[in-house]
Structures are given as structure tokens and as C-alpha cells.
Amino acid sequence: MLAAKVNGEVRDLTRPITEDATIVFHKWEDKEGKTTFWHSSAHLLAETLEALFPGIKFGIGPPIENGFYYDVDTGDRPLTAADIPAIEQKMLELARAKSEYNRREVSKAEAVQYFTEKGDEYKLELLEGLEDGQITFYEQGNFVDLCKGPHIPSTEPIKAAKILNLAGAYWRGDEKRKQLTRVYAITFPKQKELDEYMHLLEEAKKRDHRKLGQELELFMFSEKVGQGLPMWLPKGTALRTRLEDFLKKEQIKRGYTPVITPHIGSKQLYVTSGHWEKYGEDAFRPILTPAKDEVFLLKPMNCPHHCEIYGYRPRSYRELPVRIAEFGTVYRYEQSGELHGLTRVRGFTQDDAHIFCTEDQLKEEFLGVLDLTRFVLAKMGFDQFTAQISLRDPDNKEKYVGSDENWRKAEQAIIDAAAEVGLPTVTELGEAAFYGPKLDFMVKDALGRSWQLGTIQVDYNLPERFNLTYIGADNQEHRPVMIHRAPFGSMERFTAVLIEHCAGKFPLWLTPEQFVVLPVSDRFTEYAHQVKHQLAAADMRGDVDDRNETIGRKIRDNELKRIPFLLIVGEKEVEAGTVSVRKQGEGDQGAVTVAEFAAMVQAQL
RNA sequence: GCCAGUGUAGCUCAGUGGUAGAGCAGCUGAUUUGUAAUCAGCUGGUCGGGGGUUCGAAUCCCUCCACUGGCUCCA
């Protein structure tokens, strides 16, 4: 037992209960138990660091989803990987002392005095935000920390510890302030659990899309081409093209109109849209021409172009909603430290569309987009995702364009639509786009990092900025509402997450190569090619591995390439007109005729 | 952009001041193969780029570039 929930509040097991209370005990298996365990471990880590590096100063040290961290200021002597073994060792040594975690209520003056004497300005700053009478210290061994708790009774159950990594982190998350060293770590009550966790991390690394992208020859980067500018190799292109075709077809069914727009636009376009003012300085530099004062920008978004398409002639209420769709490639100068495989790049293609509709149609259109997005995710086998509603930060309205009334309407439309379909959501203030609130679908990558995939945004503002109108039944001009949406988000990020989601074993309808025919020896190569052509005629994709290698080698190589079906052909198969089917990861499935195999695969598509 | 780390052959990696290495891949040849690596030979590197220290630098220092882990940012 690690902690107790008393009347809904998680507390120390050792803290006396002075009122009538409902009590729930938390063990390691509970989220609350782990959180308390890791929070206490953070204090143990701090005690360790203080013992090893006297004079070290402490920021904050909270538990996180997997483990905990502590932000520290080590002065002139940086922490490095070489320090890790000593830290881990000392941590366990201190844990074995079985120090009790003792809670103590202190006055603000007492707390300020303590940290002033200790010289820890970070704790003093934290104290500034706390009210007298609410302040508690926790003490274990030789370490005292400002902390509201709760904690486990003693360090005794902490049996295994691992420093996961060292990273920089700005104090209070503010890039203008000092950067502290963030020590990430995790602890367990048993060594075996730590071993299992480390094994899990290893397995996750194996499905990292950057690694699989290289192994499966899906995409590449080149220093000469530039940072964050992926190039899709033939197999990656085959995969991506199928994703695009799938969505294009579905969008046609749902009343979208495909368009194509250029990769650049005049600066004036982005002044109108507001992007110039908001992002001009942080974007790729403007493109100049021989003509004086002529300035173009690489397009960072497709919406301004689509607004121009909407506005190229008068629109009647009868033709709304207008749904303009484009797989549009955009370029954004992301900070160099942000680039990450295919998930964060500087040139990428959005499966973008902009829906222009009346206010009355807004809800239905939004619901339609929600349905499309969920249809797409389901088709790809994503059942684990969260939906995040991103609203404006009400305390920083100057970061956004548009009137309060428009924002109120837009935010309400998203909240209502999500509630209507029963979509579980979390709401984040301050995460909205500058022109409107968003509903984002978030998924996690193999290493637990969360990425935004599909996005739906309600926008009252760009239609105003572009002076977009339609003529209503009353023969008056009205302002349409705009929905920005991208079910995949971007082809790059979606592909990355898909690679990791299926560990490179793509669904049959998407995979670049569905089969490879493996002749047992070169006497059967001709038959192998016949098989391939028969299957190609049945609309299947694949090739012949006619290298002069043993069958065992060919099987191994093609298994590693995650080919769904290996078709082995030798003497027996040639005579019987069959193929021996070997399914990826599942071994020999026996012999069937080529037609039977084709039918079997068709049935699975 | 910031903090820390990494950069050696196509890939994975060894080499820490004294003649650049291994396995795999590739090429050539032999082998004609029955369900996850046949054998042999050969090729392949301005040790990320530039500058410096040194008799001598993959190795030490500076700088730039790229990548990795975070932070900040993300139209």
C-alpha cells in the first residue's frame, strides 16, 4: 500500500485522519499509487543529487506518465551521461536506508528563511505564489523539500531506479529564463519490473518510423536537399498514393470539389489572411523577382488560395456548402530543434479542404467532417486516439484575430458538435489557431509522444478578411462560415504514425508489395514470372525474387521486408500449377492454385 | 532557437595521439537450392565540413553542418 484517497484527496498513508472519511487505499497497480511512488522517488533523486553535487539547486520534480523528473541547476558543472551510474547507485543506496517521508506544516516565513539560507532561488520563487498556512515541507533522510505531497511512507519499496535521460528545460517553461537540467528517471518496486519496462522501450524503438522508414525504403532525407525536407522513395510513394486515393475517392462521395493551387502566393495574399503579421518573421524568407517590389511567399497554408477560389465569382446560398479540397504541399520554417523524422518537417502535404457554408449549415458540416475523420481513422485501424478541443486563451486575446462574438460562436459550435456525437474530449485553453478554435485528433507514437493528426477548425475570421459573401434567399449579401479540416493532418505525419502503429506491417490494401514469388531455384524463375503476371492481371502488386540465392535466404530477406505473402514455387508447384503460400510472420500455409490465392487475397481486401 | 549528447564504408558498429577495421549489403565466381542467413574472392571511407594544436590527429581544441533526447514553438 502506497497512498490513500481520503474523501477524494490522495494523501499520505501516515497522515492522521481527523474527520469522518471515505477511504480508498492505493497500491502500485493504481495510477494514484504509481504517481505517489514516483513523486516520492523524485524526492529521493533530489536527495541523491544533493549528496553527490553539494550546492545543487532545485526547480520542480513532479511525477509524469512514465516515471518522474527533477529540474536542477548544477551551476558550472554540467551533468552528463557519465554521472548516471553513480546517481543510480547512490539512489538505491539511499533507498535502502528506509528513510521515512515526514510531512510538516510550516509558516511562509519559516519556509522563506529555510530556502534563503540554503540559497535556492527557485524554491523561493515558488513560495512567492503560495499562501501562508498552506505550505508543507516533506523531509526524508537529509533532504527537505517544499511539497504539498502526498508521499509513500518511506523509501523502502523503491528497489529499482533508472535515469532515463538528461535534457534542458527552461525554468517555468519560459524560453527567456534560465535553462535548467531536467533529469528524467523511473523507479519500480521490483528490479524485474524495471527490466520489463526497459525491454518495452527497446521494442518501441524497433517500430520507430525513422528506423522502419530507412529499412523498408519508404523515405529519406538529404543534407544537400535540406533539413526537414523529406523525399518519398518509390515504396513510400506507393503507400502514400494509396492513402491519398482512398481519401480522394471518399471525399468525392461526400461532395468535395478537388482543386489545384500553386506552391507560392504573393505577399499581399498573406497580409490579407493575417499570416504575414503573425508568422512572417518566422517563415521561409520571401521570394523576390526581377520586378521591383514584387514579393512572393512559399505557401504555409492552403486556405488563402482556397478563399480566393471561393471568391472568384458571386456565390448563391443555393450552392452552399462549397467544399474545396486539395492535397496541398506547404512549407513552414519550423525551428531546427523541432524537426523530427516525418512527424515534424518543413515541407509537407496536407489533405486539406475548406468548407464554406451558412451558419445554419455549420453544425451539420462539422458533424460530417467528424464522421469522415472517424471513418478514416477506423479504416486505418486507429482505435486509440484522443480528441482535443483547443480554445482561445481568454487572458491573451491579442494573440488571436476576430471579434469576441465570432469566437464565442465558433467555440460553441465545436463543443456542441463533439458532445452531440458523444466524442470524448479534453479541452485546452490557449491552443487554438490564431483565426479560430480547433478540434484535433491526437495519437501517440511508438515512444509515447503525442502527435496531432486530423484537425477540424471553425473560422469566422478569414471569410471576413477576404470579404467572402454569398447572396441569400433574401437577395442580401451574407458572410459564409469556413471550416478548415484535414482528416490525416499531413501525409508525412500520418504515414509516420501509421508505420509505427502497424510496425511496418501495413494492411494489405496499402502495402507497397503484397506478394513476392520465390522460385526454389532458377529452373523455376520462368514459372514464377508467370505467377506474377497472373496476379498482376488480378490487380495485385508484387514481384519475383529471382536472385541466385537459397530459398531460406529469400524467405528471410522478404520476411524482413514485411511482405504479407511469400509464394514459393518449385517442382511440385510447377507441375500442379500452384503456389505454396507463406504468410508474413505465420509460416507455411500450404499450396493453392494461383486463382485460389488471388481469390483469397481479394476476400481480405 | 536553447541545453546535453552523437557523427568512422550503403547499413550496424569497433578503433582515444603513431600504417583506417569487422559483420552485413554490393560486385565476381562456384553452388541449383523446399520454408528465416550456401561458400569463396573482390570492391568500397578526404573518419560530417572547415580551421587550429602537434614531428604526427578518426582520436585534443575552435567553428559550422546534420542527427538524437528534451525544452520552447507548431498557421
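Atoms considered below: every heavy atom in the structure, side chains included; atoms not considered: hydrogens, waters and symmetry mates.
Residue contacts shown for A/A167 include a base, since a base heavy atom lies under 4.0 Å away. Base contact: A/K572 has a heavy atom under 4.0 Å from a base atom. Residue contacts shown for A/Y69 are absent, as no nucleic acid heavy atom lies under 4.0 Å away. Residue A/G337 is in base contact, counting any heavy-atom pair closer than 4.0 Å across all strands shown. Within the 4.0 angstrom heavy-atom criterion, only backbone atoms of the sugar-phosphate kind lie near A/K438; the bases stay farther away. Base contact: A/L560 has a heavy atom under 4.0 Å from a base atom. Contact annotation for A/E215: no contact, since no heavy-atom pair falls under 4.0 Å across all strands. Residue contacts for A/F221: at a heavy-atom cut-off of 4.0 Å it reaches no nucleic acid atom on any strand shown. Note on A/R172: nothing from the nucleic acid sits closer than 4.0 angstrom, heavy atoms only. Residue contacts shown for A/R182 are limited to sugar-phosphate atoms, with no base heavy atom under 4.0 Å away. Using a 4.0 Å heavy-atom cutoff across all strands shown, A/Q452 reaches no nucleic acid atom at all. At a threshold of 4.0 angstrom between heavy atoms, the contacts of A/G173 are confined to the sugar-phosphate backbone, with no base atom among them. When heavy atoms are screened at a 4.0 angstrom cut-off, A/R210 is found touching the sugar-phosphate backbone but no base atom. Within 4.0 Å of A/Q227, counting heavy atoms only, lie sugar-phosphate atoms of the nucleic acid but no base atom.
Taking atom CG of residue A/L79 and atom P of nucleotide B/G69, one finds them 20 Å apart after rounding to whole Å. Straight-line distance from the CD1 atom of A/I568 to the C1' atom of B/G34: 8 Å, rounded to whole Å. In this structure, A/D73 places its CG atom 14 Å from P of B/C3, rounding to the nearest Å. The distance from atom NE2 of A/H340 to atom P of B/G69 is 5 Å, rounded to the nearest whole Å. Regarding A/N165, its CG atom lies at a distance of 19 Å from the P atom of B/C67, rounded to whole Å. Rounded to a whole Å, the CZ atom of A/R449 is 16 Å from the C1' atom of B/C74. In this structure, A/Q584 places its CD atom 13 Å from P of B/A36, rounding to the nearest Å.
Straight-line distance between the C1' atoms of B/U43 and B/G29: roughly 14 Å, to the nearest whole Å. Between B/U38 and B/G44, the distance separating the two P atoms is 26 Å to the nearest Å. Nucleotides B/C2 and B/U54 are separated by 32 Å at their P atoms, to the nearest Å. B/A58 and B/G18 have their P atoms separated by 10 Å, given to the nearest Å. For B/C3 and B/U63, the P atoms lie 12 Å apart once the distance is rounded to whole Å. With P as the reference atom, B/G69 and B/C55 are 42 Å apart, rounded to whole Å. B/C67 and B/G56 have their P atoms separated by 35 Å, given to the nearest Å. Only the C1' atoms considered, B/U59 is 5 Å distant from B/U16, to the nearest whole Å.
Judged by distance alone, with hydrogens and angles left aside, A/R523 brings no side-chain donor or acceptor close enough to the base of B/U32 to form a pair under 3.5 Å. For A/E573 against B/G34, a side-chain-to-base donor-acceptor contact under 3.5 Å is present.
Across all strands shown, B/U59 forms no Watson-Crick or G-U wobble pair with both distances under 3.5 Å.
Of the residues near RNA chain B, A/D208 and A/T181, the one whose nearest nucleotide (by heavy atom distance) lies more toward the 5' end is A/T181.
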